[in-house]
Amino acid sequence: MFVINISYTVPADVVAVHRQAHIEWLQAAVDSGLIAAAGSKTTRDGGVLLSLVQDREYLEAELAKDPYATAGVAAHQLTEVNVPMVAGGLEQLKTPAAEDFDVIIVGYGPVGRVLALQLGRRGHRVAVVERQLVSYPLPRAVHFDDEIARLLQSLDASPEQMSHAVEAYDDFYEWRNAAGEPLLQLEWRGGGRSGWNTSYFFHQPSVEAFLHEKVSALGSVTLLRGWEADSRQETDEQITLHVRNSEGERRSLTGQYVVGADGANSKVRQWMGTTMTDLGYFHDWLVIDLLPKVPMHIDPPALQVCDPRRPTTLVPGGPGRRRFEFLRLDGETKEEFNSEARVWELLKPWGVTPDTAELERRTVYTFQARWCDAWRKGRMLLAGDSAHLMPPFAGQGMSSGLRDAANLEWKLDLVLTGRADESILDSYGPERSEHVRHFIERSMQLGEIICLTDPADAARRDEKMTADIAAGISMPAHPAPRLGDGLFRSEGPGGTLSIQAVVRGMEREGLFDDVFGSGGTLLLKNAALASELPANAKAALESVGIQTIALGQAPAEYMAIDSSGAYSQWLDEIAADAVLIRPDFYVYGSALAGDVAGLVGDFLTDLQPRKAASVPLELSGSSR
């Protein structure tokens, strides 16, 4: 709490000229909660204000807007006070005792839930601050890919476990011109490199509910619904987040780090003051979610209609649901475009009427393309929409946010447990911003194809793309970019996504993570390579969350039988005898026989542990 002493610096008649403007500003400050009480001094030479805001920097900035300050007729002096005792009826003035956590997450969408679940499962004390009392009940994101399916698999929330909310997609994602001729066929059939289908469509509220049940079962996670981040104070040792609810109650939360997963209008991003790279992409689309009453036969089920008269998107919306999206044309207002009558008018050519479908949701979105230039400032970090926004044409918006969580979580875990220096968090932003930039540019590239409304431009596009498809020229199902500069060897496959395939262990056969557990892995082409490592290397890797598994021909402990041959083929493709895979499934680096010890040594050195490992490790052969 702050006591603000206002002292006039000019004669009273000069002050009087600005008094009404000051009173109006003061009333607005009281209404907003900035000022809790205000009064004038009986000495007539100033006033006293009381503020429950805990953020001095923020409060000083707001007080500078007082007309007394802007006119230079008064000075404001702030005194911070701690109020542990109050009389009855004055409880609001009491300084709340700080509640202690390891990580505070602001925002409880998919990214906030996954990050809370990941950290909570590791035993970290997590607080989640969410200003909404209940989850948003209507669909938003509808697509994720095989990499995200693997991430969800690691949380016991695989697509198979959420079949009520998630359905696999096994067809082309096709783009057609106004005549119905194919312009582009993205191969969304079959499996991806992460061991799951290339694409999935899902119902977000149901997925969020499933994840919430898992978060709620963790005693290590405290969920504060209906509370809003108000201010913060940061020291070298910790960060304190001050929150309040609609009833004016206040709480103070302390933690080692605050993660802003609070969306496009992120409060945490505002505090960080980071700039954004904005590619200037703005298009308004009407998004319509439907509950069909009769089967809808759309072939293929995911379709882009590149008709300059009205670019249109048709995709599944999860089990039993459909989504349509229509571009707003010049001359159409958002209000007119979003009316229910207009919705049914746009759907009618597709055979969709109130008799054949229930309208679940309609809204106009402005698709944008931008990302933050800094993802970390001190003890504050960003993830998800607070750090980046992209058009939906590649279906990678939410997937990119969940990749943020996967990248950040294992690094936070090592830092919080003292097994790595906090400097490894500096790799988070550069790795993710470069990676997400590729998906944003891919989404824009696809958007430029569909959003053409000039008939001549559309005709030129159609001619070129029809020729490309006839020549067999196409795009990959999804981009597979390398991470930006960070915590991996820059040569070879370092910074690229690893694979997951079916293997057989001592007790079962299945996807690698189901057989051996998810997390980091040092994968060896054969058991003989283990002899290159010092006796304590395996223990040293395990101390930082990396298991050692070798490919073999017969079941044995720490031995994987490569049932499909996928791992042997992958190692041949990347010209490696060993590969070290980080807990977020990205490759740290690879090695040929003779350099396996160096690979392990480089990884452990890059973590820069503040505390000695439980098993001292001396490695020779490091490439550095």
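In this text, all values refer to a predicted model and were calculated from it rather than measured experimentally.
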Evaluate the ring planes of Phe201 and Trp188, with Trp represented by its six-membered ring, and classify them as parallel (under 30°), tilted (30 to 60°) or perpendicular (over 60°).
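Taking Trp188 first and then Phe201, their aromatic rings sit tilted (interplane angle of 30° to 60°).
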
Answer yes or no on whether Lys538 is positioned over the face of Tyr558, meaning its NZ or CZ is under 6.0 Å from the six-membered ring centre and within 45° of the axis.
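Flagged: Lys538 positioned over aromatic ring of Tyr558.
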
Please say whether the positively charged group of Arg189, taken as NZ for Lys or CZ for Arg, lies over the ring of Phe172, i.e. under 6.0 angstrom from the six-membered ring centre and within 45 degrees of the axis.
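Checked: cation-pi criterion met.
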
Test of understanding: with ring-ring contact (aromatic ring centres under 6.0 Å, His included), list the residues that count as partners of [X], not counting sequence neighbours.
| X | value |
| --- | --- |
| His212 | Tyr108 |
| Phe585 | none |
| Phe101 | none |
| Tyr257 | none |

Heavy-atom distance under 4.5 Å between the side chains of [X] and [Y], does that happen here?
| X | Y | value |
| --- | --- | --- |
| Gln368 | Met390 | no |
| Val259 | Leu408 | yes |
| Pro316 | Tyr169 | yes |
| Trp196 | Gln153 | yes |
| Val544 | Phe603 | yes |
| Pro182 | Trp175 | no |

Under 4.0 Å between a side-chain nitrogen and a carboxylate oxygen: does that hold for Arg140 and Glu208?
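Counted as a salt bridge, because a side-chain N and a carboxylate O are separated by less than 4.0 Å.
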
Side chain to side chain donor-acceptor pair (under 3.5 Å) partners for Asp171, two or more places apart:
none

Walk me through whether Gln304 and Thr313 qualify under side-chain hydrogen bond (donor to acceptor under 3.5 Å, both in side chains).
CA-CA 5 Å; Gln304 292 282 0; Thr313 303; 2.7 Å; yes

Strictly by side-chain hydrogen bond (donor to acceptor under 3.5 Å, both in side chains), give each pair with a member in residues 369-380 just once, sequence neighbours left out.
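Passing the test, one end in residues 369-380: Thr275-Asp373, Thr277-Asp373, Arg376-Asp426.
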
Name the one of Arg150, Arg403, Arg193 that satisfies salt bridge (charged side-chain N to carboxylate O under 4.0 Å, His left out) with Asp145?
Arg403

